[in-house]
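Only one structure is covered here, and it is reproduced in the block below.
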Amino acid sequence: MPSLSEVYRAHPVHVQHKHPDLNSLQELPESYTWTTTQPQDQTNNNNLNHTVPVIDLNHPNASNLIGHACRTWGVYQVLNHGVPITLLHDIQRLGETLFSLPSHHKHRAARSPDGVDGYGLARISSFFPKLMWSEGFTIVGSPLHRFRQLWPQDCHKYCDIVMQYDETMKKLAEKLMWLMLESLGITEEEDLKWAGAKGQFKKTCAALQLNSYPTCPDPDRAMGLAAHTDSTLLTILYQNNISGLQVHRKGTGWVTVAPVPGGLVINVGDLLHILSNGLYPSVLHRVLVNRVKQRLSVAYLCGPPPNVEICPHENLVGPNQPRLYKSVTWNEYLGMKAKHFNKALSTVRVCGGMNEEMD
């Protein structure tokens, strides 16, 4: 079975890797200028009355609350998730330390054109004519090789933080998956064979994505991360206390996901959208930047084993609930995403085509 790195290598996305040190720019270059209209103007002021659900995982009705949030938003925040606040602070400090390195130093660990791990621009950059005001560092498996390139003397200290964070996120992802599946009426390991004998999702694939959105000299005309959905089952995001993340809700528009102290943001991804037969929409999201504060985030991207077929669950298909999506592996879907980007879901709709509106 291929590793996640091999899956991405099979679907290269060529992006510009030679980019300036954003922290040194006093003016917004034309290559980073997205619009003369403020992105914030696209966000209706009435949306301030709409807030992404915040759910206490200790609540006795947590599964139903999560199910409702998934159906109506495709995103929610969680509290009492079991991740130590000290670990969240450690991973944030690691990100701050990494992105504060000199530009030439960070490029020692630059991602190869057909690779997935290391320093570089977002993979989605190739789908847009303008560059995004952000930089990222992707980790798949052990970060030892890349961290040796950055910190020859201290690599093990930083590796320990990443491995502890990865293990903690894996346990939380398992818990969240079963809460979301339970709300769909899927409660037994037999109902989802690839979850494993004990339903621990031990063979899932995951990547860790560290993101930095530096202060921007002209934030109203820049974009930190362009609108997209995740190809995952779910994404667990830790964001520092700086706002910037926005999600798009049908009928409402763009809504800011305000940071909640100690909270984590959970995004429904495309593959969970398929597994739920469209009941749980994968959330379209983007990131805005600001003039005075750097924003940092850490995303745990969780998907199934690369060659396991994902399709609408049989419990969610019947005479009155036709199957909306074809079976697809994550490996295959990443190839579709690399080619069609946000239209990838339409390519696996049973009655859909490329000219169909994005789900």
Side-chain angles (χ1 to χ4, degrees), residues 15-17 19-29 31-34 38-40 43 77 85-111 118-125 130-139 143 146-147 150-151 154 158 161-162 165 208-228 235-247 254 256-265 267 285-300:
V15 298
Q16 178 181 334
H17 287 274
H19 53 92
D21 179 8
L22 299 182
N23 294 295
S24 68
L25 298 179
Q26 302 301 312
E27 295 183 359
L28 188 70
S31 57
Y32 286 87
T33 302
W34 281 65
Q38 294 184 2
Q40 292 88 339
T43 307
Q77 298 200 65
I85 192 67
T86 53
L87 183 56
L88 295 177
H89 289 165
D90 283 346
I91 200 73
Q92 179 175 327
R93 280 193 293 270
L94 187 155
E96 291 169 347
T97 303
L98 191 158
F99 291 116
S100 66
L101 291 170
S103 183
H104 71 277
H105 198 138
K106 287 180 283 192
H107 277 91
R108 293 177 186 172
R111 185 190 313 129
Y119 174 77
L121 302 179
R123 284 176 60 88
I124 67 172
S125 297
K130 298 292 186 175
L131 295 173
M132 301 171 206
W133 197 265
S134 58
E135 52 184 337
F137 195 95
T138 309
I139 300 169
R146 291 300 191 184
F147 281 9
L150 298 177
W151 302 291
D154 297 320
Y158 294 117
I161 294 172
V162 167
Y165 193 82
L208 204 62
Q209 178 68 32
L210 283 69
N211 302 301
S212 170
Y213 304 92
T215 56
C216 181
D218 194 354
D220 294 338
R221 297 195 299 150
M223 182 64 68
L225 196 61
H228 66 287
T235 300
I236 304 173
L237 182 80
Y238 170 64
Q239 54 178 343
N240 65 358
N241 61 356
I242 308 302
S243 288
L245 175 64
Q246 292 189 325
V247 297
W254 289 107
T256 296
V257 185
V260 173
L264 296 169
V265 181
N267 287 354
H285 53 287
R286 68 181 186 184
V287 178
L288 304 183
V289 292
N290 70 77
R291 192 184 303 273
V292 295
K293 292 183 179 179
Q294 177 193 29
R295 181 177 179 272
L296 286 164
S297 69
V298 182
Y300 180 82

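The first residue of the sequence shown is numbered 1, and numbering continues consecutively from there. Scope of the values below: all heavy atoms of this structure, side chains included, with no hydrogens, waters or symmetry mates.
- Counting only heavy atoms from C-beta outward, the side chains of T215 and R291 never approach each other to under 4.5 Å.
- Using a 4.5 Å cut-off on side-chain heavy atoms (C-beta onward), E27 and D218 make no contact.
- Relative to the six-membered ring of W254, R286 meets both conditions, a distance below 6.0 Å and an angle of at most 45° to the axis.
- Inspection of the N211 and S297 side chains reveals an N or O donor paired with an N or O acceptor under 3.5 Å.
- Atom NZ of K130 is surrounded by more than 12 heavy atoms from other residues, nucleotides or ligands within 6.0 Å.
- At least one side-chain heavy atom of Q239 sits less than 4.5 Å from a side-chain heavy atom of V257.
- Under the 4.5 Å side-chain criterion, counting only non-hydrogen atoms from C-beta, Y119 is in contact with H107.
- For the residue pair G262 and L88, the shortest heavy atom distance occurs at O-CD1, 4.4 Å.
- Residues L288 and M223 form a side-chain contact, since some pair of their non-hydrogen atoms from C-beta on lies under 4.5 Å apart.
- Formation of a donor-acceptor pair under 3.5 Å by the H228 side chain with backbone atoms of A226 is found in this model.
- By the 4.5 Å heavy-atom criterion applied to side chains, P217 and W133 are counted as neighbours.
- Residues T235 and V265 fail the side-chain proximity criterion, which asks for heavy atoms closer than 4.5 Å.
- The ring of W151 has its center closer than 6.0 angstrom to the ring center of Y158.
- Looking at heavy atoms from C-beta onward, L150 lies in side-chain contact with F137 at the 4.5 angstrom threshold.
- Between the side chains of Q92 and Y238, a donor-acceptor pair is found at a separation under 3.5 Å.
- Checked against salt bridge (Lys or Arg N to Asp or Glu O under 4.0 Å), R93 has the following partners two or more places apart in sequence or in another chain: D90.
- Side-chain atoms of Q246 and T256 form a donor-acceptor pair, as typed in the model, at a separation below 3.5 Å.
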